[in-house]
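Everything below concerns the one structure shown next.
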2 protein chains.
Amino acid sequence: MEYNAKQLQIIEVAERLFSQKGFAGTSVRDIAQEADVNVSMISYYFGSKEKLIEALFQLRMTESRSRLETLVMTSELSALQKFNMFIDSVIDRLMGNQCFHNIMLREQLSSERTPVISEFIRSLKFRNVELIQRMLREGQEAGDFKKDINVSLVTTTLYGTVNYAIATQDFYKMINGLDHMSDQEFQAHLRQELSQHLKNLFKSTITNEHHIQN
Amino acid sequence: MEYNAKQLQIIEVAERLFSQKGFAGTSVRDIAQEADVNVSMISYYFGSKEKLIEALFQLRMTESRSRLETLVMTSELSALQKFNMFIDSVIDRLMGNQCFHNIMLREQLSSERTPVISEFIRSLKFRNVELIQRMLREGQEAGDFKKDINVSLVTTTLYGTVNYAIATQDFYKMINGLDHMSDQEFQAHLRQELSQHLKNLFKSTITNEHHIQN
DNA sequence: TTTTATTAATCAAACGTTTGTTTAGTAAAA
DNA sequence: TTTTACTAAACAAACGTTTGATTAATAAAA
């Protein structure tokens, strides 16, 4: 699906407002006003409010068909290096699309989900778990990784940590006395800290550390 | 504040529905119907829908004034044992009050928050970070824990992992082929797996492991 | 004891607003 | 001319809240 400038404007405003106030908490008039279009344009272009959020998911999820998958799987890096690359890519993807991932997380918290969106999310999550699965297996076969890794929980910690860090970033900023930083500075700082924290966390957990040799 | 049976019934139904459909996505008529009371009783008892969710927070957060804090801080367990106890208590608290913590997580995802609820959450989070801070320091002073631990990120991983595991438990169940389990069985299973996963994760990250001595 | 006030709990109905969507029409582009 | 882009206005439905009446229970006064 191709969207013109006005359609994209509506989608982007909707994304921001859904992220800030939730889907049910955002009215089509809110969106229309902020996007500077007539209310009826939303029905005109997308059919309904529901279809609008589906269009948003469609758009954002086709965008994220990352080259990372092949890059990570084919390169000659060590399993740990690949895994670390993946950690950074998750941080970048989530922090670079905070609004959308906020909406996605909210959607996962709901029990009354739209089937279309549910399926979007499920397939995306499945892709991610499979990718991690393969990466961990490769490390295991190379003898670098432990044998008894719970792939689901490793995934859960990775995404759970990044999601929660983004959700509570104001608190993080406050409690670490980082108020002097500009927003851009802080985002970069958080990214870096998260990266180091997660790599460190997983390294000692999933690798067979050969202390004697080192 | 003391609540009679009918008031508690309203609060409990509201908690479940807010958790399932979000605050804005739940109408007072939904609540009234499921709680089997007249719509006007909600305004009558609580003043407004907004005040109802505030009452819910008030109730649930005064309930959770846990004895754990003193218990964990005064006992003669090792720092790591205390930390492991704390991990289990977090898992128990979050899994034992999934609806409420779902609402709380949603609230943290919103930028248009109620000041009252925002303050509730902030103070609770502050209490938790402080507790963890003290626990980690104790371990550091005893020489058991590393010196360069990022308390905020350790907290983020702990709560982030448990929250995300609960939010995506259906996916976890599916992907691990655990559909044969009863709900109760699965809850117990997830609790156990999470406990082991997190303890393992943190042990190797925050402790000075003395491999040679072991 | 009987009667009269006072109270809290409850209800159906109605209130005014906001909701998402549709309609009927206009202007511009093809 | 036909199609596309766009609008103001209108629509019914749903929203949170208020109203006014009724009930039941308790306390005060007769």
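Reminder, nothing fancy here: chain letters follow the sequence lines and each chain counts from 1.
- Summarising the geometry, the separation between CD on B/Gln33 and P on C/dA12 is reported as 12 Å, rounded to the nearest angstrom.
- Between A/Ile42 atom CD1 and D/dT7 atom C1' the separation is 14 Å, expressed in whole Å.
- Looking at the side chain of B/Met41, the nearest of the listed nucleotides D/dC15, D/dT17, C/dT10 is C/dT10.
- Contact annotation: B/Ser27 reaches the phosphate of D/dC15 (side-chain N/O to OP1 or OP2, under 4.0 Å).
- Remark: B/Tyr45 is not in phosphate contact with C/dA8, judged by side-chain N or O atoms under 4.0 Å from OP1 or OP2.
- Look at CD1 on A/Ile31: it is 8 Å from P on C/dG20, rounded to the nearest Å.
- Side chain of A/Lys49, nearest nucleotide from C/dT21, D/dC6, C/dC11: C/dT21.
- For the pair B/Lys49 and B/Phe23, the cation-pi test (distance below 6.0 Å, angle within 45°) is passed.
- Nearer the 5' end of DNA chain D, as judged by each residue's closest nucleotide, is the contact made by A/Val37, out of A/Val37 and B/Ala24.
- Between A/Tyr45 and A/Tyr3, the gap from one ring centroid to the other reaches at least 6.0 Å.
- Protein atom CD1 of A/Ile10 is 15 Å distant from nucleotide atom C1' of C/dT21, rounded to whole Å.
- Between the CZ atom of A/Phe18 and the C1' atom of C/dG20 there is a distance of 12 Å, rounded to whole Å.
- By the 6.0 Å and 45° rule, B/Lys51 does not stack over the aromatic ring of B/Phe46.
- One atom, CG of A/Asn4, and another, P of C/dA29, lie 15 Å apart when rounded to the nearest Å.
- Atom CD of B/Glu2 is separated from atom C1' of C/dA8 by 18 Å (rounded to the nearest Å).
- Distance CG (A/Leu52) to P (C/dT21): 10 Å, rounded to an integer number of Å.
- Dashed line: the shortest gap from a side-chain N or O of B/Asn38 to OP1 or OP2 of C/dA12 is under 4.0 Å.
- Counting non-hydrogen atoms under 4.0 angstrom, A/Ser40 reaches a base of the nucleic acid.
- A donor atom on one side chain and an acceptor atom on the other are found under 3.5 Å apart for A/Ser110 and B/Arg106.
- If you check D/dT4, D/dT17, D/dA8 against the side chain of A/Tyr44, the one that comes closest is D/dT4.
- Mapping B/Arg29 and A/Ser48 onto DNA chain C by nearest heavy atom places B/Arg29 closer to the 5' end of the strand.
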Task: Pair B/Phe202-B/Phe83, ring pair (Phe, Tyr, Trp, His ring centres under 6.0 Å): steps then yes or no - done: CA-CA 9 Å; B/Phe202 286 126; B/Phe83 191 72; 5.5 Å; yes
